[in-house]
Amino acid sequence: MNEWGWTAERERAFREVAEPGDGFGRVALEHTHLYRIYTERGDMLAEVAGRLRHQAQGRGDYPAVGDWVVIRYREADNRAVIHGILPRTSKFSRKVAGNVTDEQIVAANVDTVFLVNALNLDFNIRRLERYLILAWESGANPVVLLTKADLCEEAERREKVAEAEAAAMGVPVHVVSAAEGEGLAELAPYFGQGRTVALLGSSGVGKSTLVNALYGDAIMAVSGIREGDDKGRHTTTHRELVRLPGGGVLIDTPGMRELQLWHADEGLGQGFRDVEELAAHCRFGDCGHNREPGCAVQEALADGRLAADRYESYLKLQRELAYLARKEDKALQLKEKERWKKIHMDVRRSGRHGGE
Ligand SMILES: Nc1nc2c(ncn2[C@@H]2O[C@H](COP(=O)(O)OP(=O)(O)OP(=O)(O)O)[C@@H](O)[C@H]2O)c(=O)[nH]1
Ligand SMILES: [Zn+2]
């Protein structure tokens, strides 16, 4: 299973919890109540054990694409039952739709996340900053991909690369053209044996085209068995985690396309290390960076070491995160209130029974 990302560290974690006869697998797809997983015995369907379901406190406690799970084989129907999830080395999560702030994992155990931006018209440095925050928060290593190089003049390209490098602060930046195959060879190191890569980027930046280019002609071999649908046409078997023919594992889930900033204070700090480092030099620990004397941020803004629009962007993201945190707080308070109401009712109900 090494080619799927199984490591000695995961083996140790598995040994700690596994019982004799247990196996392990990696989640490739989530259906409504079923998971498609890769195991030592091949590709199979798995369901979540009742106990795991009862212990789950939120959706984040359920398996997600990319997870390594502890399973028990069910010989009778060649399925498996998932009994546990091994510790995640990284995770991308989003809020569950609706009011209550619950976490849904959209991809787990990602080593490298490609932050995909197109070099033509929709290149946007502010969006890249958001992606970087998300990436730092996830625990995966970000890599910036600037796609559609063939649609961008040389001079403009250099300028955009410089902008991206400034925002990315040490994160590698690669220029590629999936259409012309340019720059793809540079990406090979991220697809070493068992290394997992996920893609993050808005619609139309060229993610699917890039995936196809990375697969090369082998896409059919990777997708595995062809299944006939009821109209008699042939479709490939859908998986959200697949192995590339040259090595490496690729995660491409729709959920990755709907990621929002959430619980990203740490990511914000890492994505804007320049601002945070300046702030650490302000005279006052609680400096609001407005008109306080000895404000290192204002000084840097004044002498141009910190660009005004970058600082604006930082403030905007900080406000956004604070807003989300307040919203979540409210949701939690409501949930707590509901819980107490229910306990109260249960107590009353049992009291009434007791009096009969
Ligand atoms: N010229 C050029 N066009 C490209 C390149 N990569 C993708 N495109 C085109 O850009 C359009 C969008 O590409 P997709 O690969 O579908 O983009 P995506 O990011 O997967 O979009 P979603 O599936 O909506 O998330 C398509 O018309 C592609 O042909 C490239 O390197 N050069
Ligand atoms: Zn300050």
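For ligands, and for the atoms within them, numbers begin at 1 and follow the listed sequence. Treat the numbers as computed from the prediction; the structure is a model and nothing was measured. Here, residue 1 is the first one in the sequence, and each next residue gets the next number.
- Closest to atom 26 (C) of ligand 1 among all protein heavy atoms lies Thr209 OG1, 4.5 Å.
- Counting only heavy atoms, the protein gets under 4.0 Å from atom 8 (N) of ligand 1.
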Do Tyr314 and Glu276 pass the side chain to side chain donor-acceptor pair (under 3.5 Å) test, and can you show the C-alpha distance, the side-chain angles, and the key distance before you say yes or no?
CA-CA 10 Å; Tyr314 171 80; Glu276 302 252 321; 2.7 Å; yes
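- Taking distance alone, with nitrogen or oxygen atoms compared against 3.5 Å, Gly206 approaches ligand 1 more closely than that limit.
- Looking at His289 and the Zn ion (ligand 2) together, the shortest N, O or S contact belongs to ND1.
- The protein atom (non-hydrogen) at minimum distance from atom 11 (C) of ligand 1 is Lys148 NZ, 3.8 Å.
- Scanning the protein heavy atoms around atom 32 (N) of ligand 1, the nearest turns out to be Asp150 OD1, 2.7 Å.
- Between Ala178 and ligand 1, an N or O atom pair is found at a separation short of 3.5 Å.
- Aromatic pair Phe272/Tyr311: ring centres not closer than 6.0 Å.
- Per-residue contacts place Leu151 under 4.0 angstrom from the following atoms of ligand 1 (heavy atoms of the residue considered): 1 (N).
- When only modelled atom types and interatomic distance are considered, Arg26 and Thr39 share no side-chain donor-acceptor pair under 3.5 Å.
- Using a 4.0 Å cut-off between charged side-chain N and carboxylate O, Arg157 and Glu182 make a salt bridge.
- Under a 4.0 Å N-O distance rule, the pair Asp43/Arg239 qualifies as a salt bridge.
- A parallel orientation is assigned to the rings of Phe24 and Trp6, their planes being inclined by less than 30° (bins at 30° and 60°).
- Rounding to 10°, one obtains 110° for the angle at the Zn ion (ligand 2) between SG (Cys282) and SG (Cys295).
- Not a single heavy atom of Thr147 sits under 4.0 Å from any atom of ligand 1.
- For atom 23 (O) of ligand 1, the closest non-hydrogen atom of the protein is Arg257 NH1, 2.9 Å.
- Atoms of ligand 1 lying under 4.0 Å from any heavy atom of Ala179, numbered from 1 in the order shown and given with element: 2 (C), 30 (C), 31 (O), 32 (N).
- Using a 4.0 Å threshold on non-hydrogen atoms, atom 2 (C) of ligand 1 counts as touching the protein.
- From the protein, the heavy atom lying nearest to atom 18 (P) of ligand 1 is Lys207 N, 3.3 Å.
- Which parts of ligand 1 touch Ser208 is read off a 4.0 Å heavy-atom cut-off, strictly below it: atoms 15 (O), 18 (P), 20 (O), 23 (O).
- A salt bridge links Glu129 and Arg310; the closest N-O separation between the charged side-chain nitrogens and carboxylate oxygens is under 4.0 Å.
- Ion pairing between Glu312 and Lys316 fails under the 4.0 Å rule for side-chain N and carboxylate O.
- Each of the following atoms of ligand 1 lies closer than 4.0 Å to a heavy atom of Val205: 17 (O), 19 (O).
- Using a cut-off of 4.0 Å between Lys/Arg side-chain N and Asp/Glu carboxylate O, Glu292 and Arg283 are scored as not salt-bridged.
- Taking 4.0 Å as the cut-off between side-chain N and carboxylate O, Glu75 and Arg41 count as a salt-bridged pair.
- Close approach to Ser177 involves these atoms of ligand 1, each under 4.0 Å from a residue heavy atom: 31 (O).
- For ligand 1, none of its N or O atoms has an N or O atom of Ala149 under 3.5 Å away.
- A salt bridge does not link Lys207 with Asp252: every distance from a Lys NZ or Arg NE/NH1/NH2 to an Asp or Glu carboxylate oxygen is 4.0 Å or more.
- For atom 24 (O) of ligand 1, the closest non-hydrogen atom on the protein side is Ser203 OG, 2.5 Å.
- No salt bridge links Lys91 with Asp67; every basic N to acidic carboxylate O contact stays at or beyond 4.0 Å.
- Under the 4.0 angstrom criterion for non-hydrogen atoms, Gly204 is in contact with ligand 1.
- Residue Val176 has no N or O atom closer than 3.5 Å to an N or O atom of ligand 1.
- Using a cutoff of 4.0 Å between basic side-chain nitrogens and carboxylate oxygens, Glu154 and Arg158 are scored as salt-bridged.
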